[in-house]
Number of protein chains: 2
Amino acid sequence: MTTGKTILIVDDESAIREMIAVALEMAGYNYIEASNCKDAHESIIDTKPDMILLDWMLPGTSGLEFTRRLKRDDLTKEIPIILLTAKGEEDNKIQGLDSGADDYITKPFSPRELVSRLKAVLRRATPLGIEEAIEIEGLLLDPTCHRVTANQASVDIGPTEYRLLQFFMTHQERAYSRTQLLDQVWGGNVYVEERTVDVHIRRLRKALGSAHEHLIQTVRGTGYRFSTRTS
Amino acid sequence: MTTGKTILIVDDESAIREMIAVALEMAGYNYIEASNCKDAHESIIDTKPDMILLDWMLPGTSGLEFTRRLKRDDLTKEIPIILLTAKGEEDNKIQGLDSGADDYITKPFSPRELVSRLKAVLRRATPLGIEEAIEIEGLLLDPTCHRVTANQASVDIGPTEYRLLQFFMTHQERAYSRTQLLDQVWGGNVYVEERTVDVHIRRLRKALGSAHEHLIQTVRGTGYRFSTRTS
DNA sequence: TAAAACTGTCACATCGCTGTAACAAAGCTA
DNA sequence: TAGCTTTGTTACAGCGATGTGACAGTTTTA
C-alpha cells in the first residue's frame with residue numbers, strides 16, 4: 001500500500017530519523033531525510049513534501065525560526081509542519097504553534113502515535129488539495145487513482161502534464177507567469193528554459209482535445225490561466 | 001531563461017563573488033559586483049538593482065552600517081537586502097534583521113540555497129497578486145486573473161491597454177500628462193513618441209465600448225483623466 | 001535489453017501588439 | 001472666419017511573443 005504522500009524528516013539524530021522512517025514506511029508513506037535546516041530547505045524546494053516533521057532543537061537555525069521562514073514564503077506556507085519537542089520544552093509548544101506549526105509531538109513518542117497524528121494533520125490540511133477529485137465541465141481529475149477523464153473517456157497524459165493540470169485545476173481563475181509555473185509545478189531549483197512551459201501547455205491542450213482546451217488560456221505578455229470563462 | 005532581475009553582489013573575496021555569480025547566471029539573473037561599500041553605493045545609484053547580496057564583514061564600512069544607510073534613503077530603501085554572514089556571527093543576525101535586511105544566509109551556503117532564498121525574498125518584495133480587484137460602474141479589473149470585464153462580459157484588451165487602465169483605475173479623478181503616463185505605464189527609460197499615448201487611449205476607449213469610454217476623459221492642453229464624473 | 005514514453009530544447013511559423021506617420025476633426029485665438 | 005494648435009482616427013510595417021512540430025537524450029516499461 002502506498003499513499004503517495006512524501007514526508008520530510010528533519011532531525012539531527014540519525015537514530016531518530018531511522019525510527020521515524022521505519023514507521024512511515026510501514027504506514028505507506030514515502031519519506032526524505034535532512035539533518036539540518038539547510039538541507040531541509042533544499043529538499044523542500046526540490047521535492048515539495050506533503051508534510052514536514054521538524055525537530056525543535058536543531059544545530060544552527062532553530063526550529064522556531066525555520067518554521068517562521070517556511071510560513072512566510074508563499075511556496076512553502078501550505079505545507080503542514082509537526083514539531084518534535086523534547087519533554088522539558090512544554091513552554092515552547094505555544095511558541096511553536098504560534099509560529100505556524102500545525103501540531104507537535106513530545107519525545108519520546110511511539111511510532112503509532114506519530115502516524116495517527118500525522119494522518120490527522122494531513123486530513124485536516126488537505127481536504128481540498130490532493131485527496132478530492134476535481135471535475136470541471138466534464139473534465140475529471142482524480143488524484144487517488146491518478147487519472148484524468150474527459151466525459152468518461154480516459155485522457156492519455158504524461159506526468160508533467162498531469163501535475164500542470166492538477167495545479168491549474170486547484171488554482172483556477174488566476175494568471176501565472178512561466179516562472180511561477182516552473183516554481184510550482186517543476187520545483188524551485190530546476191534550471192529550465194521558460195519556453196519549456198509553452199511546450200507542455202501545448203501538450204496539455206492537445207491531450208485535452210477540442211472539448212476542453214479552451215480552459216487553458218494564454219494571457220499574452222504574462223503567462224497562462226485556467227478558467228471556465230471564455231476570454 | 002532570463003528573469004530580467006539584476007542582483008548586486010557585495011563581497012570583498014572575489015572567489016565568493018565568482019561562486020555567487022555563477023549560481024545567479026544559472027538561475028537566469030543578471031548581476032553586478034562590488035568589493036566594497038563605496039563601489040556598491042555607486043552601482044546602486046547607477047543601476048538600481050532588484051536586490052543586494054551583502055557580505056556582513058567588509059573592509060571599511062560594516063555591512064550593518066551600510067544596510068542602515070540604504071534603508072534610510074528613500075531612493076534605496078525599497079531594495080531588498082540579503083546578508084551573508086559567517087558561521088560564528090549568529091548574534092549579528094538579529095542586529096542585521098533589525099537594521100532592515102530582509103533575510104540572511106550563513107556561510108558556507110550552497111548555490112541552490114542561495115537562489116531559493118533569493119527567489120523567496122523577491123517574491124515577497126514584488127507582490128504580484130495581493131492587489132485587490134477594482135470595480136467602477138460595472139467595469140471590473142481583476143489583477144489576480146489579469147482580466148477586465150464590463151457588466152460580466154469579458155473585455156478583450158492588450159497588455160499596454162491593461163496597464164493603462166489599471167493605472168487609471170488606481171489613480172482616479174486626476175489629470176495626467178502624456179509624459180507622466182509614459183513614465184508610469186510604459187516605464188521610466190523608454191523613448192517613445194508622446195502621441196503614442198493618444199493611440200493607446202483610443203484603443204482603450206474602443207475596447208471599453210460606449211458603456212464605459214466616458215470614464216477616460218481628455219483634458220485639453222494637459223493630458224487625460226479617469227473620472228466617474230461627467231466633464 | 002529492446003521498445004516505448006517522456007522531457008527539454010530548438011527552429012520555424014504564426015499571430016497579435018506596438019509605435020509611428022499621415023490625415024481628419026475639433027478647439028482656440030485674433 | 002482664417003489660421004493655428006491640439007486631439008482623434010486609421011493604416012501599416014516591424015517586432016516580439018506564442019504556437020507548433022521535430023529531434024536527441026534520458027528514463028521507464030515490457
Side-chain angles (χ1 to χ4, degrees), chain A residues 2 46 146-148 154-167 175-183 185-187 189-210 213-226 231, chain B residues 1-4 26-28 146 148 154-167 175-183 185-187 189-210 213-226 231:
Chain A
T2 304
D46 276 352
H146 211 270
R147 172 170 286 173
V148 180
S154 181
V155 176
D156 191 24
I157 199 176
T160 305
E161 282 74 35
Y162 179 88
R163 289 200 310 278
L164 187 57
L165 180 60
Q166 183 175 41
F167 176 76
Y176 290 94
S177 70
R178 292 173 174 72
T179 304
Q180 286 176 315
L181 289 172
L182 284 175
D183 282 347
V185 178
W186 273 254
N189 281 313
V190 200
Y191 302 128
V192 172
E193 284 297 320
E194 283 205 337
R195 292 299 309 280
T196 297
V197 174
D198 297 33
V199 178
H200 283 275
I201 289 279
R202 153 74 177 148
R203 286 168 181 156
L204 179 55
R205 281 172 173 160
K206 204 172 188 177
L208 292 183
S210 57
E213 65 180 356
H214 67 274
L215 294 169
I216 313 287
Q217 301 172 354
T218 301
V219 185
R220 194 162 252 268
T222 301
Y224 297 95
R225 168 180 58 203
F226 186 98
S231 65
Chain B
M1 179 181 69
T2 303
T3 62
M26 294 270 290
H146 211 273
V148 180
S154 187
V155 176
D156 192 23
I157 200 176
T160 304
E161 281 74 53
Y162 179 89
R163 290 200 308 278
L164 188 57
L165 179 60
Q166 184 174 38
F167 176 77
Y176 290 93
S177 71
R178 293 173 175 73
T179 306
Q180 287 175 315
L181 288 172
L182 283 176
D183 281 349
V185 178
W186 273 254
N189 39 13
V190 224
Y191 170 66
V192 172
E193 271 318 304
E194 282 207 339
R195 293 300 310 282
T196 297
V197 175
D198 296 34
V199 177
H200 283 277
I201 290 281
R202 153 73 177 151
R203 286 169 181 155
L204 179 54
R205 281 172 172 160
K206 202 171 187 177
L208 292 183
S210 56
E213 65 180 356
H214 66 275
L215 294 168
I216 312 287
Q217 301 170 355
T218 302
V219 183
R220 197 177 173 82
T222 303
Y224 297 95
R225 170 181 57 203
F226 186 98
S231 62

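These numbers come from a predicted model, not from an experiment. Naming: A, B, ... by sequence-line order, numbering from 1 per chain.
- Using a 3.5 Å distance cut-off with no hydrogens or angles, the side chains of B:Thr160 and B:His200 do not pair a donor with an acceptor.
- Heavy-atom distances to DNA chain C give each of A:His200 and A:Arg195 a nearest nucleotide, and the one nearer the 5′ end belongs to A:His200.
- Residues B:Leu165 and B:Val155 are not in side-chain contact: their nearest non-hydrogen atoms beyond the backbone lie 4.5 Å or more apart.
- OP1 or OP2 of D:dT18 has at least one side-chain nitrogen or oxygen of A:Arg178 nearer than 4.0 Å.
- In terms of phosphate contacts, A:Thr160 brings no side-chain nitrogen or oxygen within less than 4.0 Å of OP1 or OP2 of C:dC6.
- When rounded to the nearest whole Å, the span between CG of A:Asp156 and P of C:dA4 equals 15 Å.
- Using a 4.5 Å cut-off on side-chain heavy atoms (C-beta onward), B:Val197 and B:Leu182 make contact.
- Rounded to an integer number of Å, the gap from B:Arg202 CZ to C:dC23 P is 19 Å.
- Following rounding to the nearest Å, A:Glu193 (CD) and D:dG25 (C1') show an atom-to-atom distance of 16 Å.
- For the OP1/OP2 pair of C:dT18 and a distance below 4.0 Å, the side-chain nitrogens and oxygens of B:Trp186 include no atom meeting the criterion.
- B:Glu194 comes within 4.0 angstrom of nothing in the nucleic acid, heavy atoms only.
- Counting to the nearest Å, the C1' atom of C:dG19 and the CG atom of B:Leu164 are 15 Å from each other.
- Rounded to whole Å, atom C1' of C:dG8 lies 13 Å from atom CZ of A:Arg163.
- Comparing D:dT9, C:dT20, D:dT10 against the side chain of B:Lys206 picks out D:dT10 as the nearest.
- Atom CD1 in B:Ile201 sits about 14 Å away from atom P in C:dT18, given to the nearest Å.
- Between A:His146 and A:Tyr162, the ring planes are parallel. Angles under 30° get that label, and only those over 60° would be called perpendicular.
- Between B:Tyr224 and B:Thr218, the closest side-chain pair of non-hydrogen atoms falls below 4.5 Å.
- Side-chain N/O atoms of A:Arg203 and base N/O atoms of D:dG19 include no donor-acceptor pair closer than 3.5 Å.
- Separating the CG atom of B:Asp198 from the C1' atom of C:dA21 is a distance of 13 Å, rounded to the nearest angstrom.
- The B:Glu161 side chain lies nearest to C:dT18 when the options are C:dT18, C:dA21, C:dT9.
- Considering only side-chain N and O atoms, B:Arg220 lies nowhere under 4.0 angstrom from the phosphate OP1 or OP2 of D:dT5.
- We find that CG of A:Leu204 is positioned 16 Å from C1' of D:dT18, with the value rounded to whole Å.
- Side-chain atoms of A:Asp198 and A:Arg178, non-hydrogen and from C-beta on, do get closer than 4.5 Å to each other.
- Using a 4.0 Å cut-off, no side-chain N or O of B:Thr218 falls inside it from OP1 or OP2 of D:dT6.
- Residue B:Val219 is classed as a sugar-phosphate contact, given heavy-atom separations below 4.0 Å to backbone atoms only.
- For A:Pro159, whose side chain is taken as the heavy atoms from C-beta onward, the closest listed nucleotide among C:dT20, D:dT10, C:dC6 is C:dC6.
- Close to D:dA17, at under 4.0 Å from its OP1 or OP2, lies no side-chain N or O of A:Tyr224.
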